[in-house]
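Shown next, in C-alpha cells, is the structure this report addresses.
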2 protein chains.
Amino acid sequence: MSTRPRASLKDIAAELGVSVATVSNAISGKGRVSEELGERIRATALARGYVPSLTGRALRTGRSGVLGLVLADIANPLFPKIAQAVEAAAATSGYGVLIADSRGDVTEQTQAIRRLMERGADGLIVVPRRGTRVGEIGLPVAVIDTPSTPGNTVSADHWGGGRQVIGHLAGLGHRHFVLIGGSAASNVQNDRISGMRSALPAGARHTLLWAEGPGRAPGAPLGLAALAAGGATAFASVSDLIALRALTELQSAGLAVPEDVSVTGFDDMVWAGVVTPGLTTLHQDMPTIARHAVDELLRMIEHPETASAVPPGGVPMRLVVRQSAAAPRAARTCPTEGAKPT
Amino acid sequence: MSTRPRASLKDIAAELGVSVATVSNAISGKGRVSEELGERIRATALARGYVPSLTGRALRTGRSGVLGLVLADIANPLFPKIAQAVEAAAATSGYGVLIADSRGDVTEQTQAIRRLMERGADGLIVVPRRGTRVGEIGLPVAVIDTPSTPGNTVSADHWGGGRQVIGHLAGLGHRHFVLIGGSAASNVQNDRISGMRSALPAGARHTLLWAEGPGRAPGAPLGLAALAAGGATAFASVSDLIALRALTELQSAGLAVPEDVSVTGFDDMVWAGVVTPGLTTLHQDMPTIARHAVDELLRMIEHPETASAVPPGGVPMRLVVRQSAAAPRAARTCPTEGAKPT
DNA sequence: CATTGCGGGTTAATCGTTTAACCTAGCCGC
DNA sequence: GCGGCTAGGTTAAACGATTAACCCGCAATG
C-alpha cells in the first residue's frame with residue numbers, strides 16, 4: 001500500500017510553477033531552457049524520484065522501446081544464453097525484451113509474431129526454426145541463424161567452427177572420422193558439417209551420420225561402437241547434446257574416452273564442462289552476437305536510411321579444449337603427460 | 001513498406017460516421033449500443049483489421065498487460081521450460097511476458113526488477129536465486145521456488161519428489177545410498193534432500209555429498225567410484241546436471257550403470273533422455289506450475305480483494321523411469337528380463 | 001527609431017483508449 | 001400536457017509525454 005503513483009511531468013511542473021513542456025525539455029535536454037532553471041528542474045525530478053512513463057512516451061512517439069525475441073526451436077538448450085545476452089544488450093540500450101515461444105510450430109510462430117506486433121514491439125529478433133525463413137512482416141527484423149542463410153543478420157561462424165574442430169582432431173593425429181549431425185534440415189548444422197568436411201586432411205576417411213535421420217527411432221542407439229570397431233577414432237558432433245549421446249553410448253559400450261576414441265561437441269552447453277571426461281567443444285560468443293543483433297535492429301529502427309554496420313561473415317567460434325579429445329592410440333608417439341591441466 | 005499504421009477507433013468511427021466512444025462501446029460490449037449498429041461496427045472493425053492499441057489502453061487504464069519474468073539463477077537450464085510455460089500461460093490470458101535476467105547478481109536483480117517496473121509490468125513472476133528472498137516492491141509478485149520457502153506462491157513438490165525417487169530405488173532393492181546435492185544454499189535442493197532422507201528404508205545406509213561444497217574445486221571429481229567400492233549402489237542427485245556428472249564419472253571409472261550402480265536425477269532436462277543409459281529422473285509439470293503462477297498473479301492484479309486460489313502444497317512431480325536405475329547385483333533374485341521396455 | 005533576432009518560456013495539439021456525464025427523442029403514466 | 005424514464009447515442013475529460021507553434025521582452029543592427 002501507499003505506493004502512490006509515480007510522479008509525472010505534471011507533478012513536477014506544478015511543484016515548480018512552470019509548464020510541463022519546460023520540464024520535458026529540461027529533462028530531455030531538447031528545447032531551450034535556461035541553465036539555472038534546467039538544473040532546478042532536474043534536481044526536483046531526482047528528488048521526487050521521477051521516472052518517465054514509457055507508456056505515455058510510447059503513445060506519443062509510436063515507439064514502445066521493446067524488442068520481441070522470437071524463439072522457434074522448442075526448448076532450445078541454447079535459449080538461456082541467447083535470452084540472457086539479448087536482454088543484456090537491449091537493456092544497455094534502454095530497450096526491454098518481450099519473449100514469444102512458438103513451440104516449434106510454424107503457424108504458432110506466426111501467432112507469436114502477431115502477438116508481439118500487437119504489443120507494439122519496435123523490432124524483432126528471430127532465431128528461426130531449423131531451415132525456415134521468416135517472411136516479410138513490416139517490422140525491422142534481425143535474424144540469428146548462420147551466415148549462409150539468406151536474410152541472416154548475424155550469427156556465429158559455424159562453418160569456421162567445423163574447420164577448427166576437425167583441424168584440432170587432425171592435429172592430434174586422427175585420420176578416421178565420424179561426423180554426426182542431428183537433423184539434415186538445419187542450416188546451422190549443415191554449415192558445421194560443411195566446415196568439418198572442408199578441413200579433413202588428405203587421405204582421411206570419414207562417415208556422415210544423421211542422428212535424427214529417416215528410419216531411426218528418436219532414442220535409438222547410433223551404433224557408434226561398431227564404427228569404432230571399424231577403425232573410427234574421432235567422433236565429431238554438431239551439438240553438445242549429440243556429443244553427450246555419443247560419449248555415453250561409447251562409454252557404455254566399454255570404450256574409453258579419450259583413450260580409445262575422441263568425442264567433440266558444439267556450443268559449449270552447460271553440461272560440457274561437468275561430464276567426465278570434459279567435452280571438447282566450440283564456444284559461441286553470444287554476448288557479441290546479441291550485441292550485433294540488437295545494434296543492427298536499433299539502427300533499422302532509429303536510422304532506417306543508414307547502411308548495415310554488422311561485419312560480414314560470422315562471429316568466430318572459440319575452441320574449448322577439455323579432455324574428451326586426445327591423440328588416438330596409434331599416434332601416441334610422444335605423450336604429453338596425460339595429467340590434467342591445473 | 002506501405003504498412004500503413006493500423007486502424008484506430010477514430011478511423012472506424014469516421015468511416016461509419018459515429019463517435020469514437022460508440023465504437024469503443026460496441027467493441028468492448030460495455031456501454032449501450034443498439035444491436036444493429038453494434039453489429040455494423042464490429043463488422044467494419046473486422047474488415048479493417050482493427051487491433052486495439054495496447055499502448056493507448058495502457059495509458060488510460062494504468063495497466064500494461066505485461067508480466068515481468070525475473071530469472072535470477074544464471075543460465076538456469078530449466079529456463080527454457082519455465083519461460084515457455086509462463087509465456088504460454090500468459091498469452092492465453094492476453095498478457096505478454098517481459099524478461100529480465102540478473103546473471104546471478106543480487107544488485108543486478110534489483111536493477112532488473114526496477115527496469116521491469118519502469119516498463120510498467122503489472123506483476124512479476126520471480127524464480128529466485130537459491131535461497132534469496134524477494135523483498136517488498138509494491139507490485140504483485142508470484143514466486144516460484146519451493147513450498148517450504150516463506151512467500152512461495154507455487155512450485156513443484158520437491159520434497160515429495162525426493163521421497164518418490166528413494167522409494168523407487170528402495171523398491172528395486174537398494175540399501176546403501178549416496179545423496180548428492182549441488183549447493184547447500186538452495187532451498188529447492190534442501191527440500192529434495194529432506195524428502196529423500198525421509199523415505200530411506202529402515203536400516204539403510206546413506207552418505208550426503210555436496211558437489212559445490214566448501215573445499216571442493218568446481219570441476220573436481222566427486223570420488224564416487226570410491227563410494228561405490230565402499231558398497232554404495234544408489235546415487236541419487238538433486239539435479240540432472242549432477243546426475244550427469246555422476247553418471248559419466250562412474251562410467252569413466254569403469255563401473256557399469258545400471259548393472260553395478262544406479263544413478264538418478266531431477267527435473268527431466270533435455271539430456272536425460274538422450275544419454276546412455278537413459279536417466280531415471282523426476283519431471284516437473286511446468287505448464288501447471290506456470291498456469292498457477294500466472295493465474296495467481298492475475299488474481300492479485302485484477303481482483304486484489306479475493307483470496308488465493310492456489311492449492312497448497314507443491315505440484316506433484318512425476319517419476320520418469322528410464323534405464324539408469326535398476327536392481328543392485330545382490331538383490332537380483334528374480335530379474336524381470338533385463339531387456340529395455342518397448 | 002524601427003526592424004530583426006533570439007533566449008526563454010508557454011500553449012495547445014496529438015498519440016488511442018476508456019468512461020463519466022450529458023443530451024435528445026420517444027413513450028408511458030397520471 | 002407534462003414529468004420522468006429509457007434507449008441510444010455524443011461530448012469531453014482524462015492518462016503522460018512530446019513537439020510544433022507561438023509569444024514576450026530585450027539587445028543588436030541598419
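Convention: sequence-line order gives letters A, B, ...; per-chain numbering from 1. Basis for what follows: all heavy atoms, side chains included, without hydrogens, waters or symmetry-related copies.
What separates CD of B:Glu35 from P of D:dG8 is a distance of 10 Å, to the nearest Å. One atom, CD1 of B:Ile27, and another, C1' of C:dT17, lie 11 Å apart when rounded to the nearest Å. Between A:Arg32 atom CZ and C:dG5 atom P there is a gap of 14 Å when expressed in whole angstrom units. Rounded to whole Å, atom P of C:dG16 lies 12 Å from atom CZ of B:Arg48. When rounded to the nearest whole Å, the span between CD1 of A:Ile12 and P of D:dG16 equals 12 Å. Rounded to a whole Å, the CG atom of B:Leu37 is 9 Å from the C1' atom of D:dG9. The interatomic distance linking B:Ile41 (CD1) with D:dG9 (P) rounds to 8 Å, in whole Å. One interatomic measurement links the two molecules: CG of A:Leu59 to P of D:dC15, which rounds to 14 Å at whole-angstrom precision.
Residue pairs meeting the salt bridge (charged side-chain N to carboxylate O under 4.0 Å, His left out) criterion with at least one member in residues 15-26 of chain B, sequence neighbours excluded: B:Glu15-B:Arg48. Residue pairs satisfying the side-chain hydrogen bond (donor to acceptor under 3.5 Å, both in side chains) criterion with at least one member in residues 54-66 of chain A, sequence neighbours excluded, are listed as follows: A:Ser64-A:Asp122. Sorted by first and then second residue, the ring-ring contact (aromatic ring centres under 6.0 Å, His included) pairs with a member in residues 76-99 of chain A read A:Phe79-B:Phe79; sequence neighbours excluded. Annotation: salt bridge (charged side-chain N to carboxylate O under 4.0 Å, His left out) contacts involving residues 18-29 of chain B, sequence neighbours excluded, are absent.
Taking A:Arg291 as the reference, A:Asp295 meet the salt bridge (charged side-chain N to carboxylate O under 4.0 Å, His left out) condition, with sequence neighbours excluded. Residues satisfying the side chain to side chain contact (heavy atoms under 4.5 Å, CB included) criterion with B:Ser24, sequence neighbours excluded, are B:Leu9. Annotation: salt bridge (charged side-chain N to carboxylate O under 4.0 Å, His left out) contacts of B:Glu35 (sequence neighbours excluded): B:Arg42.
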Distances under 3.5 Å between protein N/O atoms and the N/O atoms of nucleotides 17-19 of chain D, please, pair by pair.
| unit_1 | atom_1 | unit_2 | atom_2 | d |
| --- | --- | --- | --- | --- |
| D:dA17 | OP1 | A:Tyr50 | OH | 2.6 |
| D:dA17 | OP1 | A:Ser53 | N | 3.1 |
| D:dA17 | OP2 | A:Leu9 | N | 2.6 |
| D:dT18 | OP1 | A:Arg57 | NE | 2.6 |
| D:dT18 | OP1 | A:Arg57 | NH2 | 3.1 |
| D:dT18 | OP2 | A:Ser24 | OG | 3.4 |
| D:dT18 | O2 | A:Arg60 | NH1 | 2.1 |

Considering only nitrogen or oxygen atoms on both sides, find all protein atoms under 3.5 Å from nucleotides 25-28 of chain C and state each distance.
none

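Note: A:Leu297 CG to A:Ile125 CD1 = 5.5 Å, rounded to the nearest 0.5 Å.
Of the candidate nucleotides C:dG7, D:dG9, D:dT10, D:dT10 has the atom lying nearest to any side-chain atom of B:Ser19.
Residue A:Ser34 is in sugar-phosphate contact alone, with no base atom involved, counting any heavy-atom pair closer than 4.0 Å across all strands shown.
Using a 3.5 Å distance cut-off with no hydrogens or angles, the side chains of A:Thr149 and A:Asn187 do pair a donor with an acceptor.
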